[in-house]
Engineer: 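Below you will find the structure I want to go over with you.
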Amino acid sequence: MDFKAIQDKWQKRWEEKKIFKVKENSKKKKFYVLEMFPYPSASYLHMGHVRNYTMGDVVARFKRMQGFNVLYPMGYDSFGLPAENAAKKAGIHPKEYTENAITNIMAYQKALGNSYDWDRVLATHRPEYYKWNQYFFIKLFEKGLAYRGEAPVNFCDSCNTVLANEEVEAGKCWRCGTEVTTKSLSQWFLKTTAYTEELLNDIDKLDWSDKIKEIQRNWIGKSHGTIINFTIDGKVWPVFTTRSDTVFGVTFMVISAQHPKLKELVKGTKEETSVMAFSEKCKKARSREEIEELGKEGAFTGKYAVNPITNDKIPVWAGNFVLAEYGSGMVMAVPTHDQRDFEFAKKYSLPLKVVIQPKNKQLKESEMSEAYTEEGILVNSGQFNNIENKTAIEKITDYIESKNLGKRTVNYKIRDWLISRQRYWGTPIPMIYCEKCGIVPVPEKELPLLLPEDVSFTEKGNPMLTSKKFQNVKCPKCGAKARRETDTMGGFMDSSWYFMRYCSPKEKKTAFSKESVDYWMPVDQYIGGIEHAVGHLIYSRFFTKALRDMGLLKCDEPFNALFNQGIVYRDGKKMSKSAGNAVMQDEIVKDYGIDTARLFLMFVASPEKEMEWSSAGIEGSFRIVHKLISLFEDKPKGNGTKDKLIISKMHRTIKEVTAGIEGFRFNNSIIALMEYVNYLHREKENISEKVWNKALETVCVLASPFMPHICEECWEKLGNKPFVSLEKWPSFDEKKIDLKAEAIEQIADNVASDIRKVLELAKIEKPAKITLFTANKWKYELVEQVKKLNTRNAGEIIKSVMQTSLKQHGQDVMKIVPKLAEKLPEFVFEKKEEEKALKDSAAALEKEFNCKIEIVDAEKSTQQKAKQAMPAKPAILAE
RNA sequence: GCGGGGGUGCCAGAGCGGUCAAAUGGGAUGGGCUUAGGACCCAUUAGCUUAGUGCUUUCGCAGGUUCGAAUCCUGUCCCCCGCACCA
C-alpha cells in the first residue's frame with residue numbers, strides 16, 4: 001500500500017468536500033475540541049507536536065462520529081519576541097518572518113490530516129484580530145480593570161522588557177533564562193485580583209487534573225490571617241500575620257528592603273544612607289542560589305514601632321527576606337516561633353521571647369537552636385496565658401477586633417497581571433497621555449491602532465520609540481499635543497480569548513458574535529502542555545469572567561475539561577530541533593506514513609505520561625497497521641461456526657475502544673482493537689461472509705480516529721461510500737457480550753488445536769476416529785489414548801496438549817471460592833456446557849479431520865482411573 | 001519546607017480486590033517458510049517439578065485488612081515534577 005498516495009488522496013477529498021466544516025446547529029449537541037494554538041516560530045513539526053495534535057484529532061473525530069456538532073479549529077499565536085529577535089538578527093521584518101512561518105507550519109499541519117475546520121484559521125498578529133485586543137483593553141480600562149500603576153516589577157535585561165509574575169521561573173526569564181531583576185516602574189496592569197475568589201472557587205467546577213488544579217490554587221495562594229495595626233511615629237502600619245497567637249512574642253519588625261515606602265520611613269534618620277544603599281543592593285539579582293548564599297541580611301532603620309497589644313516599643317529593620325508585594329510588605333518578627341525570624345535575630349543579636357510552650361518540655365530562649373513552630377500552650381501572653389495556641393489565634397483576633405487594633409482578613413499571593421511590554425511585536429496599547437486630560441483611550445472608531453512600520457530594529461531598547469510619527473499625537477479629548485503609549489501588550493492577552501474568536505472568526509463588527517460564542521463555549525476538551533498552568537490558563541479564566549460581566553457571553557469558565565499531554569522524549573531528552581534529537585514529521589511520513597506515527601504515539605503510553613520515542617516501537621506499530629490492512633485484502637467465505645463469538649467480541653471491542661477514548665486512554669483502545677484484528681485473522685475460515693463484512697466495517701470505523709487515511713481507503717475497498725470519517729460511531733449491546741459463550745467457544749477451540757497437534761506430533765494423517773472426553777477428566781483419557789499410540793513422541797505430544805488447553809479447563813475455573821460463586825456465576829462452568837461446546841464444534845471437527853468424532857462422558861467411563869491419578873480437590877474447595 | 005505524581009516481568013507499559021505468573025508492543029530463544037536475508041507465521045520467555053499437574057517466589061521494602069491483595073490501609077525507602085524566605 002502506498003501510504004503517501006493514500007494520505008494525499010484522502011486529505012484532498014476531505015478538503016474538497018469540506019467535510020469538517022461546521023456551523024452552529026441548534027438541533028445537534030455541540031462539542032468544542034481545542035489544542036493550544038502554536039507559536040509559529042519553528043517552521044517544522046516534530047513528534048511532540050504530532051502527539052498533541054493527534055490526541056485532539058482522535059477526540060474530534062470520535063465525537064463527530066458520535067453525532068456531535070464538533071468545532072475543531074487551529075490558529076497561530078503569532079505575536080512575540082522570537083519574531084522580533086529574528087528581525088533584529090536577519091533584518092527581516094517580523095511580519096514577513098511570521099507570515100512565512102505560518103505558511104510553513106500550516107502546510108505541515110495540513111499534512112497531518114487532522115480534521116480541523118480550516119476556514120476558521122486565525123493569527124493574532126493580524127490587525128483584524130488585535131483590533132479586539134485593543135477594544136477589550138479600553139473596555140477593561142473603562143471598568144477599572146486595566147490601570148496604570150507603579151510597582152516593583154520583574155525586568156529582563158536581555159529581553160529588555162518587563163515580565164509578568166507568571167513569566168518568571170525560579171528567578172529567571174522564562175524565555176531566555178536571564179536573571180530577572182526588580183525595578184520599580186509605572187506599568188499597565190489588568191486587575192486579575194478583582195476575580196481572585198471566583199478564580200479560586202470555580203477551580204472545583206473544572207474537569208482538570210488534580211495536579212494542575214493544585215498548581216492554580218497554590219498560585220492564588222489564599223491564606224486567612226489578621227491585620228494588626230502597629231504604629232511608627234504615630235502613623236499606622238498595618239501588618240499581616242497568620243500567627244496572631246504569637247503577638248506577645250514580637251521583638252522586632254522587618255520591612256521589605258524593596259518596600260515602596262521605605263524611603264519615606266527612613267528619611268532624615270542617620271541610618272538613611274546605609275539603609276537605602278542596602279535597599280539598592282537587594283533590588284539586584286534574585287536567583288535562588290544567590291539568595292541562599294547571601295542568607296538573611298538586614299539593616300536597622302533607626303525607627304521603632306509600637307505593638308498595639310503589648311505597647312512594647314520594638315526596633316524596625318529592613319530585610320532582604322521580606323517580600324514587598326505580599327501581605328503588607330512588613331512582618332512582625334517572632335524569632336522564637338518562626339525559623340526565618342529566628343535566623344535573622346541570631347545574626348543581628350536581637351532579643352528572643354518564648355510565648356508558646358510545648359507540653360512535654362520547657363523552652364528557654366538562651367538554649368534554643370531553632371524556632372519552635374509546633375503547637376503548644378501560651379505563656380508570657382497576659383490574659384491569654386494557658387490557652388492552646390490554635391484557640392488563641394481566634395481569641396486574640398477577637399480581642400484585636402474588639403479594641404479596633406486590626407481585623408480578620410484574607411490574603412492572596414496572586415498579583416495583578418502586568419501586561420505592558422517594551423517591545424515591538426505585540427498589540428499596541430491604545431492609550432494617549434495628555435498633559436491636561438491625563439490618560440485618554442484611543443477612540444474606538446480609530447481602532448485598530450496599527451503597529452508603526454517606520455521603526456528601526458537595530459537600536460537598543462524598544463523599537464517603538466524610533467517612530468516619532470507614532471508617538472506624537474493630538475489628544476482625542478482636547479486636541480492638545482500628546483504622547484502615545486509605546487508599550488505593547490504581552491502575548492498572553494492574545495491567547496486569552498482566541499478560543500472565542502474561533503466561534504465566529506470572520507466577524508467584522510465585533511470580536512465575536514454573542515450567539516456563536518454562547519453556542520460553542522465553553523471549550524469541552526482543551527489539550528495542551530502543563531507549562532501553561534499559571535500563565536495562560538489563569539489569564540483566560542480571568543478574561544472569560546471579565547467579558548461575561550461586560551455582557552459579552554454567558555459562560556463562567558472557558559475550558560471545561562483540560563488534558564495535559566506528556567512530553568515526547570528521545571534519548572532521555574525532550575525532543576527539540578535545537579537539541580538535535582527531534583524526529584520530524586516528514587521523515588516518519590516518508591518511511592511509514594502519518595497513520596503509523598499516529599498509532600504509535602497513541603499506543604505506546606498513556607497520553608498524560610511522558611514517552612520515549614523508539615525506532616523499534618514504530619516498526620511494531622507499522623506491523624500493526626499492515627495486519628489491519630491485510631484483513632481487507634481477504635474475502636473469505638467461511639462456514640460461520642465462529643459467527644456468534646465474533647459478534648460477542650465485536651461488541652466487547654466497541655465497548656473497550658469507546659471507553660478508552662472517553663477516558664483518554666487511547667492506548668487501551670488500540671490494544672482492544674488489535675486483539676480483535678488478531679482474532680479475525682485467526683478465525684478467517686470460520687466466519688460467514690456477512691459477519692465478516694460487518695466485523696470489518698466495525699474495525700474500520702473504530703480505527704478511523706487513530707488512522708483516518710488508511711481507514712478511508714479500507715472503507716472504500718469494502719464497497720462503501722465515503723466517508724468513514726462521517727460514519728456513525730457504533731454502539732454496543734451489553735447483552736451481546738457473552739463472556740460465558742466466549743469461554744465455552746474457547747474450550748472447543750482449544751480442543752481442535754489439541755487434536756491438530758496430537759495428530760501432527762504422532763504423525764497420524766488420517767485418523768479413523770477421534771474420541772473426546774467431557775468434563776475435567778477428558779484430557780486424562782486423551783493422555784491414555786496417546787500413550788496407546790506407542791509413539792516415541794508421546795511425552796512431547798501430551799505436554800504440548802496439556803500446556804495449551806488445560807489452563808482453560810473447568811478445574812481451574814472451579815477454584816473460585818464457593819462463597820463468591822453466587823456472585824460470579826459466569827465463572828463457574830457446568831459440565832453440561834462443556835459438553836455442549838464440544839458437541840457444537842463436533843461437526844466442524846469432523847469436517848476438518850475427515851473422521852468420526854465421538855464424545856464420551858469421562859466422568860462415568862474413567863471415574864475410577866481418574867480418581868487415582870488426579871490430585872485431591874484443592875483444599876479451598878473442601879471448606 | 002509545602003504541594004502533586006510515581007516505583008509492575010529483559011525493556012516500554014497496561015491492570016488498580018477474585019477469569020493475574022499479570023494485557024499489548026519491543027527484545028531474546030527455538031521452530032516453520034525461503035536459495036539466503038527481510039517480511040510473515042507458530043511456540044517459549046520467574047524458578048523447580050509432573051504424563052496431566054503441583055509447588056515456591058514475584059508487581060520498591062515492612063506490616064495490616066480480607067476467605068482472597070499488584071490492586072485497599074499503615075509505616076518506610078527511593079524517583080520525578082510544580083511552588084518556594086508567602087509572614
Side-chain angles (χ1 to χ4, degrees), chain A residues 169-171 209-215 217-219 221 223 225 239-243 246 254 288 291-292 295-296 319-323 325-334 338-341 343-344 373 411-413 530-531 533-534 600 603-606 608-612 614-621 623-624 626-627 630 665 667-668 670-672 674-675 678 681 739 743 746 776-777 779-780 782-784 786-787 794-809 811-813 815-820 823-824 826-829 866 869-871 874 876 879:
Chain A
E169 288 167 0
S209 72
D210 290 340
K211 180 178 182 167
I212 198 160
K213 284 189 188 178
E214 209 48 41
I215 291 175
R217 284 193 198 100
N218 280 344
W219 188 259
S223 59
V239 167
F240 175 77
T241 180
T242 54
R243 295 294 306 273
T246 61
V254 188
R288 207 179 302 184
I291 286 162
E292 265 164 35
K296 302 202 171 21
N320 64 346
F321 70 99
V322 177
L323 302 172
E325 60 278 9
Y326 182 75
S328 37
M330 173 144 74
V331 298
M332 54 175 233
V334 187
D338 183 290
Q339 187 57 26
R340 292 155 304 182
D341 299 347
E343 285 167 28
F344 194 81
T373 53
N411 205 17
Y412 302 93
K413 283 195 230 174
I530 195 148
E531 66 272 17
V534 292
F600 176 64
F603 161 71
V604 77
S606 293
E608 76 277 9
K609 284 204 177 165
E610 56 192 50
M611 63 174 273
E612 177 79 22
S614 98
S615 46
I618 187 107
E619 288 283 349
S621 299
R623 252 173 260 152
I624 293 167
H626 274 287
K627 236 178 187 172
S630 67
R665 304 251 132 198
N667 49 337
N668 291 355
I670 293 168
I671 288 163
M674 267 161 52
E675 282 175 341
N678 280 337
H681 264 292
L739 289 175
Q746 188 92 47
N776 295 349
K777 287 98 188 169
K779 292 202 180 189
Y780 172 78
L782 189 65
V783 169
E784 295 295 306
V786 172
K787 277 183 178 171
E796 204 185 327
I797 296 168
I798 289 159
K799 195 171 179 184
S800 66
V801 171
M802 294 304 175
Q803 270 175 351
T804 53
S805 63
L806 259 193
K807 272 186 187 169
Q808 307 297 331
H809 222 274
Q811 205 183 354
D812 274 0
V813 190
K815 265 190 192 166
I816 309 284
V817 177
K819 199 164 128 189
L820 270 140
K823 273 197 211 163
L824 305 161
E826 65 264 39
F827 296 124
V828 183
F829 296 97
M870 297 289 289
I876 211 155
E879 287 174 30

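In what follows, every heavy atom counts, from backbone to side chain, and hydrogens, waters and symmetry copies are set aside. Just so we're on the same page: letters track the sequence lines, and every chain starts at 1. Keep in mind the model is a prediction, meaning the values are calculated, not measured.
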Engineer: Who are the side-chain contact (heavy atoms from CB on, under 4.5 Å) partners of A:Lys213, not counting sequence neighbours?
Structural biologist: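 Only A:Ile203, A:Leu206, A:Trp208, A:Arg217 meet the side-chain contact (heavy atoms from CB on, under 4.5 Å) criterion with A:Lys213.
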Engineer: Roughly how far apart, to the nearest Å, are B:U74 and B:G5 at atom P?
Structural biologist: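 Those two atoms are separated by 14 Å.
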Engineer: Applying the side-chain contact (heavy atoms from CB on, under 4.5 Å) criterion to A:Met332, which one of A:Val239, A:Asp338, A:Asp341 satisfies it?
Structural biologist: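 So, applying the side-chain contact (heavy atoms from CB on, under 4.5 Å) to A:Met332 and each of A:Val239, A:Asp338, A:Asp341, only A:Val239 qualifies.
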Engineer: With A:Glu610, which residues qualify under side-chain contact (heavy atoms from CB on, under 4.5 Å), at least two apart?
Structural biologist: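 Residues passing side-chain contact (heavy atoms from CB on, under 4.5 Å) with A:Glu610: A:Tyr569.
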Engineer: Of A:Ser606 and A:Lys413, whose nearest nucleotide on RNA chain B comes first from the 5' end?
Structural biologist: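 Counting from the 5' end, the first nearest nucleotide belongs to A:Ser606.
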Engineer: Could you tell me how far apart A:Tyr326 (OH) and B:A84 (P) are, to the nearest whole angstrom?
Structural biologist: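 Rounding to the nearest Å, OH of A:Tyr326 and P of B:A84 are 13 Å apart.
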Engineer: For B:G47 versus B:G32, give the span between their P atoms, rounded off to a whole number of Å.
Structural biologist: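 Here B:G47 and B:G32 have their P atoms 24 Å from each other.
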Engineer: Applying the Watson-Crick and G-U wobble criteria at under 3.5 Å, what pairs with B:G1? Answer none if nothing qualifies.
Structural biologist: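 When the pairing criteria are applied, B:C83 turns out to be the nucleotide that pairs with B:G1.
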Engineer: Give me the distances for all protein-to-nucleotides 2-11 of chain B N/O pairs that come in under 3.5 Å?
Structural biologist:
none

Engineer: Under the side-chain contact (heavy atoms from CB on, under 4.5 Å) rule, collect the residues that match up with A:Ser630, sequence neighbours excluded.
Structural biologist: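 Checked A:Ser630 against side-chain contact (heavy atoms from CB on, under 4.5 Å); matches are A:Glu633, A:His681.
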Engineer: If you measure from the P atom in B:A28 to the same atom in B:C11, how many Å do you get, rounded?
Structural biologist: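 Approximately 15 Å lies between the P atom of B:A28 and that of B:C11.
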Engineer: Give me the distance, rounded to whole Å, that separates B:C81 from B:A87 when you measure between the P atoms they each carry.
Structural biologist: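 My reading of the P atoms in B:C81 and B:A87 gives 26 Å.
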Engineer: What is the distance, to the nearest angstrom, from the CZ atom on A:Phe600 to the P atom on B:U24?
Structural biologist: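 So the two atoms are 18 Å apart, to the nearest Å.
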Engineer: Got a sec, which residues hit side-chain hydrogen bond (donor to acceptor under 3.5 Å, both in side chains) with A:Glu531, two or more places apart in sequence or on another chain?
Structural biologist: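 Expected list: none.
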Engineer: Hey, what are the protein-to-nucleotides 25-34 of chain B N/O distances that come in under 3.5 Å?
Structural biologist:
from, atom 1, to, atom 2, distance (Å)
B:G26, OP1, A:Arg623, NH1, 2.5

Engineer: With both distances under 3.5 Å as the test, what is the Watson-Crick or G-U wobble partner of B:C40?
Structural biologist: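 Partner of B:C40: B:G32.
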Engineer: Is there a Watson-Crick or G-U wobble partner for B:C61 with both distances under 3.5 Å, and if so, which one is it?
Structural biologist: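 Here B:C61 is engaged in a pair, and the nucleotide opposite it is B:G75.
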Engineer: Using the side-chain hydrogen bond (donor to acceptor under 3.5 Å, both in side chains) criterion, which residues pair with A:Thr373? Sequence neighbours excluded.
Structural biologist: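 Per chain and number, A:Thr373 pairs via side-chain hydrogen bond (donor to acceptor under 3.5 Å, both in side chains) with no residue.
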Engineer: Given B:G15, B:U24, B:A87, identify the nucleotide with an atom nearest to the side chain of A:Val322.
Structural biologist: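 It is B:A87.
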Engineer: Heavy atoms under 4.0 Å, any strand shown: does A:Asn668 hit a base, just sugar-phosphate, or nothing?
Structural biologist: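 Sugar-phosphate only.
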Engineer: Rounded to the Å, how far apart are A:Glu610 CD and B:A12 P?
Structural biologist: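 Taking CD of A:Glu610 and P of B:A12, I get 12 Å after rounding.
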Engineer: Between B:C59 and B:G54, how many Å separate the two C1' atoms, rounded to a whole number?
Structural biologist: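 The answer is 23 Å between these two C1' atoms.
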Engineer: Calculate the interatomic distance between A:Phe344 atom CZ and B:A87 atom P; express it in whole Å.
Structural biologist: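 Rounded to whole Å, this separation is 18 Å.
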Engineer: P atom, B:U29 versus B:C77: distance in rounded Å?
Structural biologist: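 Taking atom P in both B:U29 and B:C77, they lie 42 Å apart.
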Engineer: Do A:Asn320 and A:Lys296 pair up side chain to side chain, a donor and an acceptor below 3.5 Å, judged on atom types alone?
Structural biologist: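 Note: A:Asn320 and A:Lys296 side chains miss the donor-acceptor criterion.
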Engineer: When rounded to the nearest Å, what value does the distance between C1' atoms of B:A39 and B:C78 take?
Structural biologist: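 My reading of the C1' atoms in B:A39 and B:C78 gives 44 Å.
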Engineer: Which label fits A:Phe321 and A:Phe344: parallel for a plane angle under 30°, tilted from 30 to 60°, or perpendicular past 60°?
Structural biologist: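 Tilted: the ring planes of A:Phe321 and A:Phe344 meet at 30° to 60°.
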Engineer: Would you measure the distance from the P atom in B:G38 across to the matching atom in B:U44 and give it in whole Å?
Structural biologist: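 Nearest-Å result for B:G38 against B:U44 at atom P: 22 Å.
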Engineer: Suppose we screen for side-chain contact (heavy atoms from CB on, under 4.5 Å). Which residues come up paired with A:Asn218, at least two apart in sequence or across chains?
Structural biologist: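 Per chain and number, A:Asn218 pairs via side-chain contact (heavy atoms from CB on, under 4.5 Å) with A:Glu214.
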Engineer: Can you figure out which of B:A87, B:A84, B:A14 approaches the side chain of A:Trp219 most closely?
Structural biologist: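 Side chain of A:Trp219 sits closest to B:A84.
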Engineer: B:A12 pairs with which nucleotide, Watson-Crick or G-U wobble, both distances below 3.5 Å?
Structural biologist: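 Answer to the pairing question: B:U24, which forms a Watson-Crick or G-U pair with B:A12.
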Engineer: How many whole angstroms separate atom CD of A:Gln339 from atom C1' of B:A84?
Structural biologist: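 The answer, rounded to whole Å, is 16 Å.
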Engineer: Would you please name every residue forming a side-chain hydrogen bond (donor to acceptor under 3.5 Å, both in side chains) with A:Gln339, sequence neighbours left out?
Structural biologist: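 With neighbours one apart ignored, the set is A:Glu343.
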Engineer: Name the nucleic acid region contacted by A:Arg665, choosing base, sugar-phosphate or nothing; use a 4.0 angstrom heavy-atom cut-off, strictly under.
Structural biologist: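 Sugar-phosphate, no base atom in range.
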Engineer: How close or far is atom P of B:A23 from atom CD1 of A:Ile670, stated in whole angstroms?
Structural biologist: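 That distance rounds to 19 Å.
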Engineer: I'd like to know if A:Arg665 and A:Glu608 make a salt bridge, using a cut-off of under 4.0 Å between side-chain N and carboxylate O.
Structural biologist: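 Looking at A:Glu608 together with A:Arg665, the answer is yes, because their closest N to O distance falls below 4.0 Å.
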